[in-house]
Amino acid sequence: MRTTSRFAGLLAAMLMVVLAFSLAPSHPASAATSAAHRDASLRQLASRLGIRVGSAVSLSPLSNDAAYAQILGQQFSAITPENEMKWDTVEPQQGVFNFAPGDTEVKFAQQHGQLVRGHNLVWHSQLPSWLTGGSFTNEQLADILKQHIFAEAGHYRGKIWQWDVVNEPLNEDGSLRSTIWSNALGPDYIADALRWAHQADPHAKLFLNDFNIEGIGPKSDAMFALVKSLKEQHVPIDGVGFETHLGLQFGFPSMFKENLQRFADLGLDVSITEIDVRMILPVTPELLAAQADVYTQVMQDCIAVRRCVDFTIWEYTDKYSWIPGFFTGQGAADIYDENLVPKPANAALLDALQHPVSHQHHNG
Ligand code: XIL
């Protein structure tokens with residue numbers, strides 16, 4: 001639903017609740033309300049607002065952990081392959097493609113009415129050694145990149161909702177990150193990649209995705225200038241992904257909502273693509289409550305910006321989170337714990353979706 005306002009569907013739902021009350025006056029209102037929502041899933045509640053709630057997914061738990069897969073299917077309306085569409089998996093040898101892991105995840109999504117975020121086509125990380133260790137000319141690298149994009153986006157043509165076409169193109173100061181791609185093709189590699197991806201899959205929404213662009217600052221300013229210039233050049237770009245890897249020790253990004261809104265005002269979709277909210281271990285009830293507040297705030301900001309279409313958690317459960325392996329002494333960043341039990345952050349998200357705070361920005 002994304003008609004005149006994201007709140008239109010919600011109003012309809014509320015009308016029905018009011019109707020139900022008047023038809024069944026013997027039930028106390030509060031009991032009826034909680035009964036109506038008791039079993040509502042994240043995906044159901046979010047769909048009334050035109051938002052997909054997603055999770056990153058890895059092949060191993062998807063295939064081997066039935067309880068994990070069941071929650072993934074029930075609660076989420078989008079998935080992002082956590083590693084299975086990255087270059088080192090997809091093209092382990094030059095011109096030799098391995099789409100089987102990603103295909104399995106796409107099939108799961110199709111069976112569960114979920115959309116897929118393709119992640120990613122161009123990045124400086126998780127590249128195969130034939131590529132990083134090879135000695136290619138700039139011309140050859142340009143051709144390798146083009147072939148890779150055509151092969152991967154072509155393979156998944158028609159099956160991907162949003163592609164992260166270029167992942168993490170910027171440095172913290174806002175300058176263009178020096179990578180194998182920017183060095184070989186120059187700064188226009190981003191426009192080239194978007195154009196090639198569009199040719200390979202004309203219906204996929206094409207995104208740039210980065211971290212530490214949630215608040216307003218030099219890096220988000222640079223992303224803003226970049227996508228504004230791409231739009232002005234009529235390069236096919238549809239959205240910006242905000243990774244949103246937050247930590248309780250860092251505080252909340254400044255002016256998150258205003259930042260999302262300025263990108264939306266360029267005519268772009270905005271997505272929360274990889275949210276997790278880590279903490280310095282051990283877990284305490286206070287930290288879990290603070291974490292729930294951060295998840296709530298991000299969801300409220302997404303709800304407030306009409307073009308915020310996706311809220312994807314970077315693996316919904318602490319059981320399979322990347323955080324402990326990458327940030328020593330930190331973890332517990334997700335909304336289900338290591339036993340797949342919902343955490344306070346889960347209840348907080350359900351609550352934020354049930355009781356959205358209307359802002360002036362739903363200007364559809
Ligand atoms: C991470 C995965 O979660 C890990 O399993 C992998 O070892 C490294 O990459 N930004 C991104 C994601 O865009 O692709 C990264 O995913 C996390 C940071």
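Remember, it's 1-based here, ligands and their atoms both numbered in the order they're listed. The structure presented is a predicted model; accordingly, all values stated were derived computationally and were not measured.
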Contact residues of ligand 1, where a non-hydrogen atom lies under 4.0 Å away | Glu82, Asn83, Lys86, His119, Trp123, Gln126, Asn167, Glu168, Glu243, His245, Glu274, Trp314, Trp322, Phe326
From the options Leu185, Leu176, Ile237, Val235, select the one residue that forms a side chain to side chain contact (heavy atoms under 4.5 Å, CB included) with Ile190.
-> Leu176
Ring centres of His245 and Phe211 under 6.0 Å apart?
-> no
Decide whether a cation-pi geometry holds between Arg117 and Phe207; the criteria are a distance under 6.0 Å from NZ or CZ to the six-membered ring centre and an angle within 45° of the ring axis.
-> yes
Please tabulate, for the side chains in residues 138-146, all donor-acceptor contacts under 3.5 angstrom to protein atoms that are two or more places apart in sequence or on a different chain.
from, atom 1, to, atom 2, distance (Å)
Gln140, OE1, Thr137, N, 2.9
Gln140, OE1, Thr137, OG1, 3.4
Asp143, OD1, Gln147, NE2, 3.4

Could you check Asp334, Asp318, Asp276, Asp337 and say which one makes a salt bridge (Lys or Arg N to Asp or Glu O under 4.0 Å) with Lys343?
-> Asp318
Thinking salt bridges, do Glu258 and Arg262 make one under a 4.0 Å N-O criterion?
-> no
